[in-house]
Amino acid sequence: MGAAIGLHLLVDHPGTVGTLVAHEPIALGFLAPEVEKRARGELEGVLDVHRESGWRAAAGKVAAVLGIDPRAQETEEGITAFPFTERRAANFEYFLRYDLAAVLEDRLSLMDVPAGARVGRAGARVGPAGARIVPAVGESSPVTGFDYLAALALADRAGVEAVRFPGGHNGNLTHPRAFADRLVAVLESN
């Protein structure tokens, strides 16, 4: 959700964002109508499962929607699996109860995002208020996933190529060192 929040900051409060790395934004308004309809149906299905069977069942549905197989995820060597503590469970419950509903209600569209007034260093487009938009996708994310496609649509709007990051949608968890290295390289290329 960080990418979608960052995009709202960029649009609603010009000048507050210097560089936005928008990794697979959950921005349904960026999608072609048929893809948006499919994504909305999948996410509404997650909410249905949550209401009927609780957060544990919904967690599996979220993973499936995002193309994640938690039992067969490729990870960086030396990664310790995160235990699902009470705090993480409470955070996930909050996400399901409030954040996912906000995603479905969000009306941000590509036309709301500045197309870019000038080109910054390294070829990245810079919006009128000076924000550099860096659309990003996971190297192992499903290319048909709505979050991946939203990032590609944003890249097209910004007039840049999407930057590929290690791992999938949650590459920051599965490949934290490689993900951080890529992020530093992207930020230093400004």
Side-chain angles (χ1 to χ4, degrees), residues 1-9 19-31 35-36 38-47 49-50 53-104 106 108 133-155 161-187:
M1 296 245 342
I5 292 167
L7 288 161
H8 274 281
L9 277 172
T19 298
L20 174 64
V21 178
H23 187 273
E24 297 189 6
I26 300 185
L28 302 181
F30 289 13
L31 302 169
V35 178
E36 179 180 359
R38 175 181 52 90
R40 283 187 184 284
E42 290 173 342
L43 295 175
E44 288 167 356
V46 169
L47 292 178
V49 168
H50 177 242
S53 304
W55 72 264
R56 287 186 189 276
K61 183 90 171 150
V62 167
V65 166
L66 295 174
I68 298 169
D69 181 354
R71 291 175 296 278
Q73 263 186 124
E74 178 187 316
T75 63
E76 219 172 61
E77 192 170 314
I79 297 302
T80 302
F82 288 101
F84 230 100
T85 62
E86 283 184 36
R87 185 175 182 178
R88 284 191 69 211
N91 285 343
F92 201 73
E93 178 70 35
Y94 186 93
F95 166 77
L96 291 165
R97 186 164 295 177
Y98 302 104
D99 293 340
L100 195 50
V103 166
L104 289 166
D106 188 15
L108 186 68
I133 302 169
V134 182
V137 295
E139 291 174 341
S140 62
S141 293
V143 298
T144 58
F146 71 87
D147 47 345
Y148 188 97
L149 295 172
L152 294 184
L154 179 61
E161 292 288 322
V163 176
R164 295 174 56 83
F165 274 71
H169 184 77
N170 61 351
N172 59 316
L173 298 176
T174 61
H175 297 77
R177 289 182 295 276
F179 196 96
D181 289 345
R182 181 77 44 86
L183 181 58
V184 168
V186 166
L187 295 174

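One-based numbering along the sequence shown.
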Where [X] and [Y] come nearest, the two heavy atoms and their spacing:
X      : Y      : answer
Val137 : Tyr148 : CB-CE1, 3.4 Å
Pro142 : Gly67  : CG-CA, 3.7 Å
Phe30  : Ala150 : CD2-O, 3.8 Å
Ala162 : Leu152 : CB-CD2, 4.0 Å
Val21  : Ala136 : CG1-CB, 4.2 Å
Ala4   : Pro25  : N-CB, 4.4 Å

- Message: Please enumerate all residues that pass side-chain contact (heavy atoms from CB on, under 4.5 Å) together with Leu104, with sequence neighbours excluded.
- Response: Leu28, Arg40, Leu43, Glu44, Leu47

- Item | Contacts of type side-chain contact (heavy atoms from CB on, under 4.5 Å), residue Ile26, not counting sequence neighbours | Val103, Phe146, His169

- Of all residues at least two apart in sequence or in a different chain, which pass the side-chain hydrogen bond (donor to acceptor under 3.5 Å, both in side chains) check with Glu161?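 Partners of Glu161 by the side-chain hydrogen bond (donor to acceptor under 3.5 Å, both in side chains) criterion come out as none, since no residue qualifies.
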
- Task: Look at the aromatic rings of Phe165 and Phe179 and report parallel, tilted or perpendicular, splitting at 30° and 60°.
- Result: tilted

- Message: Quick one about Asn172 and His23 (side-chain donor to acceptor, distance below 3.5 Å, no hydrogens or angles considered), yes or no?
- Response: no

- Run the side-chain contact (heavy atoms from CB on, under 4.5 Å) check on Leu100 and His50 step by step: do they pass? CA-CA 11 Å; Leu100 195 50; His50 177 242; over 6 Å; no

Calculate, to the nearest 0.5 Å, the distance between atoms [atom1] and [atom2] belonging to [X] and [Y] respectively.
X      : Y      : atom1 : atom2 : answer
Leu108 : Ile5   : CG    : CD1   : 12.0 Å
His8   : Met1   : NE2   : CE    : 8.5 Å
Asn170 : Thr75  : CG    : OG1   : 11.0 Å
Glu24  : Leu149 : CD    : CG    : 9.5 Å

- Please assess Val62 against Leu96 for the test side-chain contact (heavy atoms from CB on, under 4.5 Å), listing each intermediate value before the final yes or no. CA-CA 9 Å; Val62 167; Leu96 291 165; 4.2 Å; yes

- Task: Show your working on side-chain contact (heavy atoms from CB on, under 4.5 Å) between Glu139 and Arg182 and close with a plain yes or no.
- Result: CA-CA 12 Å; Glu139 291 174 341; Arg182 181 77 44 86; 3.4 Å; yes

- Query: Do Arg177 and Ile79 have side-chain heavy atoms sitting under 4.5 Å apart?
  - Reply: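 Answer yes - side chains close enough.
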
- Message: Quick check on Arg56: does its CZ atom have over 12 non-hydrogen neighbours (other residues, nucleotides or ligands) under 6.0 Å away?
- Response: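 It does not: Arg56 CZ has 12 such atoms or fewer within range.
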
- Query: Can Leu154 and Leu7 be said to form a side-chain contact (heavy atoms from CB on, under 4.5 Å), step by step?
  - Reply: CA-CA 10 Å; Leu154 179 61; Leu7 288 161; 4.1 Å; yes

- State whether the side chain of Ser140 and the backbone N or O of Gly168 hold a donor-acceptor pair below 3.5 Å, judged by distance alone.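 Confirmed, Ser140 side chain pairs with Gly168 backbone.
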
